[in-house]
Amino acid sequence: QVQLVESGGGLVQAGGSLRLSCAASGRTFSSYVLGWFRQAPGNEREFVAAISRSGGVTQYVDSVKGRFTISRDNAKNTVYLQMNSLEPEDAAVYYCAAGPFLESARETYNYWGRGTQVTVSS
């Protein structure tokens with residue numbers, strides 16, 4: 001069992017930056033692939049980024065490549081999403097998730113946080 005709690009969301013102007021954090025409980029944090037997803041009103045929850053157990057492999061959706069960076073600190077049981085050059089289209093509730101596979105499909109993730117709101121003003 002893994003419990004995930006996101007933080008770091010807020011209101012930022014277009015072009016600005018935010019860093020999201022997701023703290024996990026449990027001793028098995030390093031055994032999970034971690035992902036970030038987002039959901040805007042009226043839209044389905046979409047994949048943003050994922051990171052392998054060791055942190056050596058990452059995956060991103062095309063729309064955030066070069067702007068967002070996912071990282072993890074297994075000693076702190078925390079995964080991060082650094083978001084730079086934010087655009088109004090990035091506004092959404094951001095969720096972190098844990099699962100066994102480095103996949104973009106949300107169905108492969110077993111554990112989810114409750115989300116943190118990111119608002120980007122133009």
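In this structure, OG1 on Thr28 lies 8.5 Å from CG on Asn77, to the nearest 0.5 angstrom. Rounded to the nearest 0.5 Å, atoms CD (Glu103) and CD (Gln59) are 7.5 Å apart. If you take CG on Leu34 and OG on Ser52, they are separated by 9.5 Å, rounding to the nearest 0.5 Å. Summarising the geometry, atom CZ belonging to Arg72 is positioned 14.0 Å from atom OG belonging to Ser21; distances are rounded to the nearest 0.5 Å.
Classified by interplanar angle (parallel below 30°, tilted 30° to 60°, perpendicular above 60°), the ring pair Trp112/Tyr95 is perpendicular.
Using a cutoff of 4.0 Å between basic side-chain nitrogens and carboxylate oxygens, Glu46 and Arg38 are scored as salt-bridged.
For the pair Ser17 and Asn84, the tightest heavy-atom approach, listed with the atom from each and the gap, is OG-OD1, 2.9 Å. The two atoms that bring Tyr94 and Leu20 nearest to each other are CB-CD1, 3.5 Å, heavy atoms only. When all heavy atoms of Ala50 and Leu102 are compared, the pair lying nearest together is CB-CD1, 3.5 Å. Scanning all heavy atoms of the two residues, the minimum distance from Leu81 to Ala49 falls at CD1-CB, 4.3 Å.
Here the side chains of Cys22 and Trp36 are in contact, with some heavy-atom distance below 4.5 Å. Contact annotation: the side chain of Met83 never approaches that of Asp90 to less than 4.5 Å [non-hydrogen atoms, C-beta and beyond].
No more than 12 heavy atoms of other residues, nucleotides or ligands shown are found within 6.0 angstrom of CD on Gln13.
Annotation: cation-pi geometry not satisfied between Arg67 and Tyr60 (NZ/CZ under 6.0 angstrom from ring centroid, within 45° of ring axis).
Tyr80 and Leu18 fall into different hydrophobic clusters, where Ile, Leu, Val, Met, Phe, Trp and Tyr residues are linked whenever their side-chain heavy atoms come under 4.5 Å apart, directly or through other members. Taken together through direct or relayed side-chain contacts under 4.5 Å among Ile, Leu, Val, Met, Phe, Trp and Tyr, Tyr32 and Val5 form parts of separate hydrophobic clusters. Taken together through direct or relayed side-chain contacts under 4.5 Å among Ile, Leu, Val, Met, Phe, Trp and Tyr, Phe29 and Phe101 form parts of separate hydrophobic clusters.
The only option from Leu11, Val12, Leu86 that meets the side-chain contact (heavy atoms from CB on, under 4.5 Å) definition with Ser121 turns out to be Leu11.
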